[in-house]
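Worksheet for the structure shown next.
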There are 2 protein chains.
Amino acid sequence: MTNIREIARLAGVSTATVSRVINDHPYVNAEKRRKVLEIIRQLDYVPNSSATSLKKGMTRIVGVVSASYTTSSTPFIQAFNIIAQQHGFNVMLFLTDNDCEKERIALEMLRSKQLDALVCLHRANEWPIIESYAKYGPIVTWQRLVSEHIPSVFMDQYQGYMLSLEHLYARGYRRILNVYSSRGLNTPQRIRAYDDFAKKYTLDDIGFPDLHHMMSIADGEHIARWWIEQSQKPEAIACSNDDVAAGLLTEFKRVGVSIPGDVAIIGFDNNDLARLLDLTTVHYPSDKQAENAFAILLDRLGQKAPPLHALEFELIERRST
Amino acid sequence: MTNIREIARLAGVSTATVSRVINDHPYVNAEKRRKVLEIIRQLDYVPNSSATSLKKGMTRIVGVVSASYTTSSTPFIQAFNIIAQQHGFNVMLFLTDNDCEKERIALEMLRSKQLDALVCLHRANEWPIIESYAKYGPIVTWQRLVSEHIPSVFMDQYQGYMLSLEHLYARGYRRILNVYSSRGLNTPQRIRAYDDFAKKYTLDDIGFPDLHHMMSIADGEHIARWWIEQSQKPEAIACSNDDVAAGLLTEFKRVGVSIPGDVAIIGFDNNDLARLLDLTTVHYPSDKQAENAFAILLDRLGQKAPPLHALEFELIERRST
DNA sequence: TTGTACGCGTTATCAG
DNA sequence: CTGATAACGCGTACAA
């Protein structure tokens, strides 16, 4: 095993000098520096990073906790990876599958100092448990959360959903079916948005059921079949996300229901599927959220952080409304 | 900072005893063990993992190098994550975007012992460069490669593509357009498969161009527009992957070309998109490939590894042929 | 500008 | 069964 002492011995200097050369300190004789670099090259030496981490008390690794790869989480993770790399941090990804124990692994690695910080896209454990880990290192979340220990980069979906509803109204749709998700605390915001929307335009309560816990393509397909059986049909369906909207759209097309002729569909997220299927949807800048998350972590680690982005929703009008 | 010495002092024992308790060694007096555990609990102590890694010469972190998240790489990465976690290893993901420098980061972390091993889905650097890192730790790849230093878990796409072509033939299609990708070394296998196929059934060379470097949805859309302009149209299109097939299918549907009435489409990979769009395609077990990759790494790390899976292609017949 | 010596926190050997 | 103590490899006061 070739270590710093070996290099020092061969170069005829002390380990301190070798260390200084490695870390680009000034005040090293040019000739000695050359000699040291020469030996390092000859022996193909690299500092052992466990030793460096131990000494510095930092690993420059940030953990990312996510339930799985979804069409909405992937862009966030990707953007986070890139910004972290630019700042010399590496990313360790934890797929928890919503399993508390797997999430604990990441939390425990923060505690044992294998991770400098953590960003939590979807949590499995209760917030108080996660908060109790904040004392071991900065944690930031993507979900809606108000906490003094855990900052969040969430966006209030009230605005985004309202954008979606206003679009439907402008297009002439009045009998709207809401399809809600269940993740995090977004659903209440959306319900509030619809209530305000219905009040603003004095829409009667038509008695459509509120559909909850809908988040997959398969869920969308089910709703399409449900729609077909109804006598009183909604004119438009506002979906919790693009996957549900995609399932809806493709199932409708299978059985010959025309979109948007017979019924309009609007999604949420603006993921790849929405682009592919020409779905009208609501876009939000998850890449900027990721960069904000990283900036916050960097700041809490006591390093100079880039400024935060402002975050805004945007309606993407395509051919399903 | 609470460390092992602190615990030892407070429990009135030596650091050696504390270490023994932590690592579940036998031969520790029950009473002392109890006392030590009590202090550990009180002080909320955890061993510093950098110190442990330094001492043990192992981090139990495995790097995964991938160009980006694609519909084909994601299932592999996910499966690899799961199997690694089951064996007490953590995974660090490197998104290289096909940038040699970014790939180097991962390679260098193997060299500096921050990583115990590496699996390389898509490489950016030339193979000789990657091979030169094999001396620092086990590396295994997903791509086709014959090397004594870097084992591979690739599957010979000759068989998979032949399965695809035989299916088209059985369905009565004769005028087949091949759409090739460019990743790795799979394309030559596919070309060989088509040559053998054409020879077996004595198909004339119809003079369709060989399309290369096609791998995205947008590529598929382009090909669809190309198809429409031709006077001599192919009856079936065999695609390099499901994304191309999906672009083809959706663009055809937009302009009213009937699938499979006017032209048949077959994909490759069996990803989520293929399921959604009812694409006939070829499935291969990337999850088993991932588990094999991990097993090989484990074996090379001198640990007991699970047996390797046999790998087989499978034709998934849906509604696009 | 350089070297000595110590500390980072842990594990393992070895003598008792 | 237990405790000193020597590594592991690096960075850095401090003294020179």
Side-chain angles (χ1 to χ4, degrees), chain A residues 1-37 39-40 43-61 88 108-116 136-137, chain B residues 1-37 39-40 43-61 88 108-116 136-137:
Chain A
M1 181 53 59
T2 153
N3 56 22
I4 201 173
R5 230 170 304 116
E6 176 93 351
I7 303 296
R9 191 174 59 74
L10 262 40
V13 298
S14 72
T15 62
T17 298
V18 176
S19 176
R20 282 192 269 262
V21 170
I22 292 169
N23 296 292
D24 270 331
H25 281 239
Y27 308 132
V28 179
N29 175 286
E31 175 55 25
K32 290 195 177 179
R33 156 169 285 129
R34 204 198 50 69
K35 177 71 175 171
V36 167
L37 288 174
I39 302 286
I40 284 178
L43 294 206
D44 189 33
Y45 164 79
V46 231
N48 177 307
S49 62
S50 293
T52 308
S53 293
L54 173 59
K55 192 65 194 166
K56 295 221 171 129
M58 230 192 150
T59 57
R60 297 191 83 78
I61 303 177
E108 285 298 325
M109 285 180 69
L110 181 66
R111 188 155 94 103
S112 69
K113 303 204 166 305
Q114 186 146 11
L115 260 30
D116 289 344
Y136 306 118
Chain B
M1 181 53 59
T2 153
N3 57 22
I4 201 173
R5 232 170 299 114
E6 175 93 351
I7 303 297
R9 192 174 58 75
L10 261 41
V13 297
S14 71
T15 61
T17 298
V18 176
S19 176
R20 280 192 271 260
V21 170
I22 293 169
N23 296 291
D24 269 331
H25 282 241
Y27 310 133
V28 179
N29 176 285
E31 176 56 25
K32 289 194 179 181
R33 156 169 285 131
R34 204 198 50 70
K35 176 73 174 170
V36 167
L37 287 174
I39 303 285
I40 284 178
L43 294 205
D44 189 34
Y45 163 80
V46 232
N48 177 308
S49 62
S50 293
T52 308
S53 293
L54 172 59
K55 191 62 193 168
K56 294 229 173 118
M58 231 192 150
T59 57
R60 296 192 83 79
I61 303 177
E108 285 297 326
M109 285 180 69
L110 181 67
R111 187 154 95 103
S112 69
K113 302 207 167 303
Q114 186 146 12
L115 260 30
D116 289 344
Y136 305 119

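Predicted model, so just to flag it, every value in this text is computed and none were measured. In what follows, chains carry the letters A, B, and so on, assigned in the order in which the sequence lines appear, proteins first and then strands, with residues in each chain numbered from 1. Keep in mind that the numbers below use all heavy atoms, side chains included, and drop hydrogens, waters and symmetry copies.
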For this session: Any chance you could measure A:E108, atom CD, to A:Y136, atom OH, to the nearest 0.5 Å?
Result: 7.5 Å
When the side chains of residues 9-18 of chain B are checked against the rest of the protein, which donor-acceptor pairs come out under 3.5 Å, sequence neighbours left out?
unit_1	atom_1	unit_2	atom_2	d
B:S14	OG	B:A16	N	3.4
B:S14	OG	B:T17	N	3.3
B:S14	OG	B:T17	OG1	3.4

Exercise. How bent is the helix from C:dT1-D:dA16 to C:dG16-D:dC1, comparing axes over its five end pairs at each side, to the nearest 10°?
Worked result: 40°
Seminar exercise, completed: On a heavy-atom basis, the closest approach of B:R33 and B:H25 is NH2-O, 3.0 Å
Seminar exercise, completed: At a 4.0 Å cut-off to heavy atoms of chain B, the contacted part of DNA chain D spans D:dC1 to D:dG9
Exercise. Can you name the nearest heavy-atom pair linking A:R60 to A:G88, along with the distance?
Worked result: NE-O, 3.1 Å
Exercise. Minimum heavy-atom separation for A:L43 to A:I7, with atom names?
Worked result: CD1-CD1, 4.1 Å
For this session: Would you mind reporting whether B:N48 and B:N3 have side-chain heavy atoms less than 4.5 Å apart?
Result: no
For this session: Provide the start and end nucleotides, 5' to 3', of the part of DNA chain C that has atoms under 4.0 Å from heavy atoms of chain A.
Result: C:dT1 to C:dG9
Problem set entry | From CA spacing to verdict: side-chain contact (heavy atoms from CB on, under 4.5 Å), A:R20, A:V36 | CA-CA 10 Å; A:R20 282 192 269 262; A:V36 167; over 6 Å; no
Problem set entry | Validation row: A:I4, A:Y45 side chains within 4.5 angstrom (heavy atoms) | yes
Exercise. Does any non-hydrogen side-chain atom of B:D116 lie less than 4.5 Å from one of B:I61?
Worked result: no
For this session: Taking only heavy atoms on the protein side, list every residue of residues 12-20 of chain B lying under 4.0 Å from any atom of DNA chain C, sorted numerically.
Result: B:A16, B:S19
Exercise. Under a 4.5 Å cut-off applied to non-hydrogen side-chain atoms, are A:V21 and A:K32 in contact?
Worked result: no
Exercise. Which value, rounded to the nearest 0.5 Å, describes the distance between A:R111 atom CZ and B:D44 atom CG?
Worked result: 4.5 Å
Exercise. Mind checking whether A:P47 and A:I22 have side chains closer than 4.5 Å, heavy atoms only?
Worked result: yes
Problem set entry | Residues in contact with DNA chain D, drawn from residues 25-34 of chain A - heavy-atom cutoff 4.0 Å | none
For this session: Please round to the nearest 0.5 Å and tell me the distance separating atom NZ of A:K113 and atom OG of B:S49.
Result: 9.5 Å
Exercise. Distance-only, no hydrogens or angles: does the A:T59 side chain make a donor-acceptor pair with backbone N or O of A:Q114 under 3.5 Å?
Worked result: yes
